Amino acid sequence: MATPKWDALNITIPWRHFIGYCLQNGELPLWYPYQFLGFGQYIDNQSWYWPTWILGAFGYTNLTFHLEFILHLMIGSWGFYTLLRYLKITSNTAILYSCIYIASGFYIGNAQHFGWIVSGIWIPIVLTQFLKYIKTLEWRYLITTSLSLYLLISGGYWGFTITTYYILIIIWTINFIKHKDKKKLFSRSLILIVLNIISSGVVLISIYDSINLIHRSNTNLISTTVGSFYPIDLLTLLNPISTYNTSDNFWKGDIALINIYIGYINVVLLIISFWKPVRSINKYKYLLGISLFFLILSMGETFPLRKFFTEYIPLFDYFRFPSLFRYFAISTLLIYLAVIYNNFECYVHLFKKAIIMSSITFTLAIFVLVAFNWGTIIKIEVIKPSQISRSILTIIQLSIFIIANLSIIILLKYYKPNSFVHYIFIAEIFITSQLMLPHTVVDRGISPLSIYDSIKLCDSVNNTNDKTLKELNKISHDLFKFGRNFSTYSKSVSYDGYTPYQYNEWLKLEESPMLDSIINRPLSYLEISDSEVNLIQSSPNFYKFEVYTDTVNVVHFSQNYHPGWTCKINNKLSKIKKDNISLMSVEIEPGRNTITFQFTRKIISYSFIISLISFLIQGILWITLINRCEK
């Protein structure tokens with residue numbers, strides 16, 4: 001019915017389409033020639049994410065992305081459920097909070113950032129398996145920890161991965177101090193580290209191999225606080241649909257990074273837990289401290305904690321967007337709330353009072369807002385969220401809360417502990433989540449099938465060298481008008497697009513007047529134009545040209561220089577020269593010449609093979625151990 005937008009459409013879908021294209025042609029996704037005259041795609045950790053490979057092997061389109069997204073939400077809700085069950089939360093409560101977890105403000109606001117979503121999916125699974133391993137020291141949990149860590153590292157965003165590793169180190173240290181068999185814990189943990197390094201080697205080596213070539217590696221105190229969460233954004237706890245209105249700079253942060261909604265009823269539970277302390281719950285109060293810590297850490301521009309971490313904690317200067325830490329604040333808070341709901345019978349009487357009081361308060365607030373906005377309300381002819389004032393959006397939000405409250409008040413007359421109240425919990429957050437979807441998640445104005453048809457149409461385009469890069473760019477854009485990386489689908493080299501991985505040298509070329517001359521030429525051309533360069537064969541990692549020249553000449557190849565490129569002229573290795581600031585050229589002799597440019601990175605290819613074998617062996621061992629335990 002709708003299509004994902006922004007980063008999902010600009011980066012995630014085209015890059016996964018590219019990975020699928022490489023796999024179908026028997027190549028590794030090493031070099032991406034279709035954006036900014038090429039860059040090493042392998043540096044992006046998601047290039048080595050197995051779920052994408054499995055889906056992409058059959059051809060990856062926007063509809064495949066829809067499937068992958070839904071599958072991940074299912075895995076994520078199951079993962080949070082298993083974490084809660086491990087923490088002795090009852091099944092009903094665990095189901096309730098796994099639903100709330102997957103519909104929380106983090107998943108709604110950041111649905112366009114698929115690397116963030118993948119991180120949120122695997123972190124609870126990593127924690128559950130690691131906690132089981134620490135408690136039992138069983139090999140099956142050691143292996144599942146290693147496997148799930150690989151999926152987090154390869155599929156997630158770097159900031160989540162680094163933070164998760166620090167959390168695991170803290171948990172391990174605390175348990176090591178208390179553990180009776182320290183030697184066994186230490187030795188097996190070393191094995192876990194080795195397994196994790198081997199299986200994740202392709203990701204780690206890929207990043208290390210190109211980190212100094214890209215502009216993205218240049219971080220500082222200012223850049224690491226870009227994308228902060230702000231105190232004003234706390235209003236999304238009670239009024240998330242007001243994020244539709246972005247006028248007058250009311251919301252200071254990026255609209256995708258401000259949502260922390262966990263359901264209004266959970267806010268009520270949180271308040272009454274302070275109102276009436278319960279001894280069995282007091283021991284879990286440390287979770288509130290952890291949640292608050294991560295919330296403050298997410299406010300990078302407001303509080304100095306993020307800057308402190310940037311300066312003094314290793315690896316925290318390698319990623320931006322402090323708002324990502326709100327994920328840890330939300331998930332930790334939901335665990336605490338699950339504990340409260342697990343003891344709901346202790347709060348029933350107080351909960352009834354809180355619901356009645358909030359209903360009265362919300363009703364009075366609606367009357368006040370209606371009185372002050374009456375002139376605006378009666379003029380509304382067509383309800384378009386982008387045109388609705390924040391006051392009216394607040395009225396809509398409060399009306400939903402009142403309906404939820406009335407439902408609870410009626411049901412509580414016949415209350416049986418944990419029997420039906422959770423249905424109101426789920427209904428309220430799902431309704432609110434659906435109202436938030438069009439603004440930060442999907443574009444209902446674009447049909448997914450229209451994008452799918454355009455992708456299939458682009459697949460029929462033949463890549464040639466008889467048109468200039470500018471002409472190819474126009475053809476690609478005419479065929480595919482959705483998102484910024486349109487040339488990916490027509491497999492045409494482009495100087496346009498969108499990627500966070502831009503080479504430092506390319507940025508110099510992009511700012512120079514030389515670029516205009518280059519884009520008005522084909523992909524490959526001669527210094528002395530006594531004939532044309534013909535493209536015979538092409539793939540992301542390989543280009544083959546034929547040319548006849550009467551004189552000693554220079555063949556220019558408009559792809560960014562990288563040590564992984566090699567060139568052969570008439571099957572003889574030739575030296576590649578760096579020219580046009582960041583591009584390549586080779587010198588040829590008079591006569592007919594066959595020229596091949598090939599991108600290879602042996603260290604990446606070898607580490608990929610080792611990683612794949614390691615992952616498969618661990619998977620087989622895990623299945624064997626599971627079968628043995630069942631017997």
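The structure displayed is predicted, hence computed values, not measured ones.
Here the two rings, on Trp31 and Tyr501, have centers that are 6.0 Å apart or farther. Annotation: Trp116 is not in aromatic contact with Tyr327 [ring centroid separation under 6.0 Å not met]. Separation of the Tyr107 and Tyr101 ring centroids falls under the 6.0 Å cut-off. Taking the six-membered ring for Trp, Phe18 and Tyr32 have ring centres closer than 6.0 Å. A distance of 6.0 Å or more separates the ring centres of His113 and Tyr157. When ring centroids are compared, Tyr166 and Phe316 come within the 6.0 Å threshold.
A pairwise comparison of heavy atoms in Gly105 and Asn259 identifies CA-OD1, 3.2 Å as the closest pair. Contact record, Tyr81 with Ala94: CD1-CB, 3.3 Å, taken as the closest heavy-atom pair. In plain terms, the two heavy atoms of Tyr86 and Leu131 that are nearest each other are OH-O, 3.3 Å. For Tyr150 against Val203, the heavy-atom pair with the smallest separation is CE1-CG2, 4.4 Å.
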(Q) Please determine whether ring-ring contact (aromatic ring centres under 6.0 Å, His included) holds for the pair Tyr318 and Trp158, giving the CA-CA distance in whole Å, both sets of side-chain angles, and the decisive distance to 0.1 Å. (A) CA-CA 8 Å; Tyr318 275 85; Trp158 198 233; 8.2 Å; no

Q: Step by step, work out the side-chain hydrogen bond (donor to acceptor under 3.5 Å, both in side chains) result for Ser154 and Gln46.
A: CA-CA 5 Å; Ser154 60; Gln46 294 184 59; over 6 Å; no

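Under 3.5 Å, the side chains of Gln35 and Arg484 contain no donor-acceptor pair of N or O atoms. Checking Gln41 against Ser47 by side-chain atom types alone, a donor-acceptor pair falls below 3.5 Å. A side-chain donor from one of Asn266 and Tyr97 sits under 3.5 Å from a side-chain acceptor of the other. Between the side chains of Arg16 and Asn62, not a single donor N or O lies within less than 3.5 Å of an accepting N or O. Side-chain contact annotation: Thr432 with Tyr264, donor-acceptor N/O pair under 3.5 Å absent. Side-chain N/O atoms of Tyr133 and Thr144 include no donor and acceptor closer than 3.5 Å. A side-chain N or O of Thr93 and one of Thr90 form a donor-acceptor pair less than 3.5 Å apart. Ser298 and Ser323 are not linked by any side-chain donor-acceptor pair at a separation below 3.5 angstrom, with hydrogens and angles left out of the test.
Under the ring-ring contact (aromatic ring centres under 6.0 Å, His included) criterion, His72 pairs with Tyr49, Phe114, not counting sequence neighbours. For Tyr284, there are no ring-ring contact (aromatic ring centres under 6.0 Å, His included) partners two or more places apart in sequence or in a different chain. Residues satisfying the side chain to side chain donor-acceptor pair (under 3.5 Å) test with Ser200, not counting sequence neighbours, are Asn196. Legend: residues meeting side chain to side chain donor-acceptor pair (under 3.5 Å) with Ser331, ordered by chain and number and at least two apart, are absent. By the ring-ring contact (aromatic ring centres under 6.0 Å, His included) test, Phe482 pairs with Phe480, sequence neighbours left out. Contacts of Thr82 classified as side chain to side chain contact (heavy atoms under 4.5 Å, CB included), with partners at least two apart in sequence or in another chain: Trp78, Thr128. Remark: Leu237 pairs with Ile260, Ile262, Val267 by the side chain to side chain contact (heavy atoms under 4.5 Å, CB included) rule, at least two apart or across chains. Taking Ser273 as the reference, nothing meets the side chain to side chain donor-acceptor pair (under 3.5 Å) condition, with sequence neighbours excluded. When the side chain to side chain donor-acceptor pair (under 3.5 Å) test is applied to Asn10, no partner is found at least two apart in sequence or on another chain. By the salt bridge (Lys or Arg N to Asp or Glu O under 4.0 Å) test, Asp7 pairs with no residue at all, sequence neighbours left out. Residues passing the salt bridge (Lys or Arg N to Asp or Glu O under 4.0 Å) test with Glu138, sequence neighbours excluded: Arg140.
Formation of a donor-acceptor pair under 3.5 Å by the Thr236 side chain with backbone atoms of Ile258 is found in this model. Within the 3.5 Å criterion, the main-chain N or O of Ile171 finds a donor-acceptor partner in the side chain of Asn175.
Using a 4.5 Å heavy-atom cutoff, the side chains of Leu195 and Leu149 are not in contact. By the 4.5 Å heavy-atom criterion applied to side chains, Phe80 and Ile102 are not counted as neighbours. The closest side-chain heavy-atom distance from Ile123 to Leu127 is below 4.5 Å. Inter-residue side-chain proximity for Ser119 and Leu152 is flagged as met; some heavy-atom pair is nearer than 4.5 Å. Contact of the Trp622 side chain with the Ile626 side chain is registered, since non-hydrogen atoms from C-beta on lie closer than 4.5 Å. Looking only at side-chain heavy atoms (C-beta outward), Asp44 and Ile207 stay at 4.5 Å or farther from each other.
Within the cation-pi definition used here (under 6.0 Å to the ring centroid, within 45° of the axis), Arg306 does not qualify as a partner of Phe294.
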Could you pull out all donor-acceptor pairs under 3.5 Å where a side-chain atom in residues 606-615 meets a protein atom, sequence neighbours excluded?
from   : atom 1 : to     : atom 2 : distance (Å)
Ser607 : OG     : Ile603 : O      : 2.9
Ser607 : OG     : Ile604 : O      : 2.9
Ser611 : OG     : Ser199 : O      : 2.3
Ser614 : OG     : Gln618 : NE2    : 2.9

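Classified by interplanar angle (parallel below 30°, tilted 30° to 60°, perpendicular above 60°), the ring pair Tyr42/His562 is perpendicular. Using cut-offs of 30° and 60° for the angle between ring planes, the Phe309 and Phe293 rings count as tilted. A tilted orientation is assigned to the rings of Trp506 and Phe36, their planes being inclined by 30° to 60°.
Checked for salt-bridge contact, Glu301 and Lys252 miss the test: no charged N lies under 4.0 Å from a carboxylate O.
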